[in-house]
> 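Have a look at this one before I ask anything.
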Amino acid sequence: MLENYAPVLMQAAIAGGFAVVTLLLSVIAGKAARRNKMKDSAYECGMLPLGEAQPRFSVKFYIVAMLFVLFDIEVVFLYPWAIIYKDYILTYGASIFWWALSFVTILLVAFGYAWKKKALDWTS
């Protein structure tokens, strides 16, 4: 019975051994590297870590982020519709098309409203 599990146990042992060896090598090689002030400083997306710890963000950033999430999630609702479209048409008729069209129309009206209110304009 144990011979059935031998390949799995061998793979687990090899994976564990590889992890241990690479960690030990990184510790050994890492201590040999020269340290300096620039290497030890925090990396903040290419910006020097100066000033306040929590800089203020523009409200415009959050509005655009919320609009992206809103429209992204709404578009995800169209994937199940596309998958069942052909079967639904054969069974129930074309009503699914009109429901999806009304859904997309509501999304386009909301997008037009956001565009008109300049919610997507970074310069204002």
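Note: hydrogens, waters and symmetry copies are ignored here, and every other heavy atom, side chains too, is used.
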> Roughly how far, to the nearest 0.5 Å, is CE of Met66 from CZ of Phe61?
11.0 Å
> Go through the steps for Leu101 and Trp98 under the test side chain to side chain contact (heavy atoms under 4.5 Å, CB included), then give the verdict.
CA-CA 5 Å; Leu101 186 64; Trp98 299 111; 3.6 Å; yes
> Testing the basics here: between Pro80 and Val76, what is the closest heavy-atom pair and its distance to 0.1 Å?
CD-O, 3.3 Å
> Output the rest of the hydrophobic cluster of Ile14: all Ile, Leu, Val, Met, Phe, Trp and Tyr residues reachable through side-chain heavy-atom contacts under 4.5 Å, sorted by chain and number.
Met10
> Distance-only, no hydrogens or angles: does the Thr91 side chain make a donor-acceptor pair with backbone N or O of Tyr88 under 3.5 Å?
no
> Between Lys118 and Lys60, which heavy-atom pair has the shortest distance, and what is it?
O-NZ, 3.1 Å
> Specify the closest pair of heavy atoms between Phe71 and Leu107, including all atoms of both residues, with the distance to one decimal.
CE2-O, 3.6 Å
> Applying a strict under-4.5 Å side-chain criterion to I, L, V, M, F, W and Y, I'd like to know whether Val75 and Val109 cluster together.
no
> Are Leu67 and Phe77 joined in one hydrophobic group, where the rule is that I, L, V, M, F, W and Y side chains link up if heavy atoms are under 4.5 Å apart?
yes
> Linking I/L/V/M/F/W/Y whenever their side-chain heavy atoms sit closer than 4.5 Å, directly or via other members, would Trp81 and Tyr92 fall into one cluster?
yes
> When hydrophobic residues are tied together by side-chain contacts of less than 4.5 Å, even through go-betweens, does Val104 share a cluster with Phe68?
yes
> Just verifying a value: how many Å separate Thr22 OG1 and Leu25 CG, rounded to the nearest 0.5 Å?
7.5 Å
> What's the separation between atom CZ in Phe103 and atom CG in Leu78, rounded to the nearest 0.5 Å?
5.5 Å
> When rounded to the nearest 0.5 angstrom, what is the spacing between CG in Leu23 and CZ in Phe18?
9.5 Å
> So how far is it from Tyr79 OH to Ile83 CD1, rounded to the nearest 0.5 Å?
9.5 Å
> Should Tyr113 and Trp115 be counted in the same cluster of Ile, Leu, Val, Met, Phe, Trp and Tyr side chains packed under 4.5 Å apart?
no
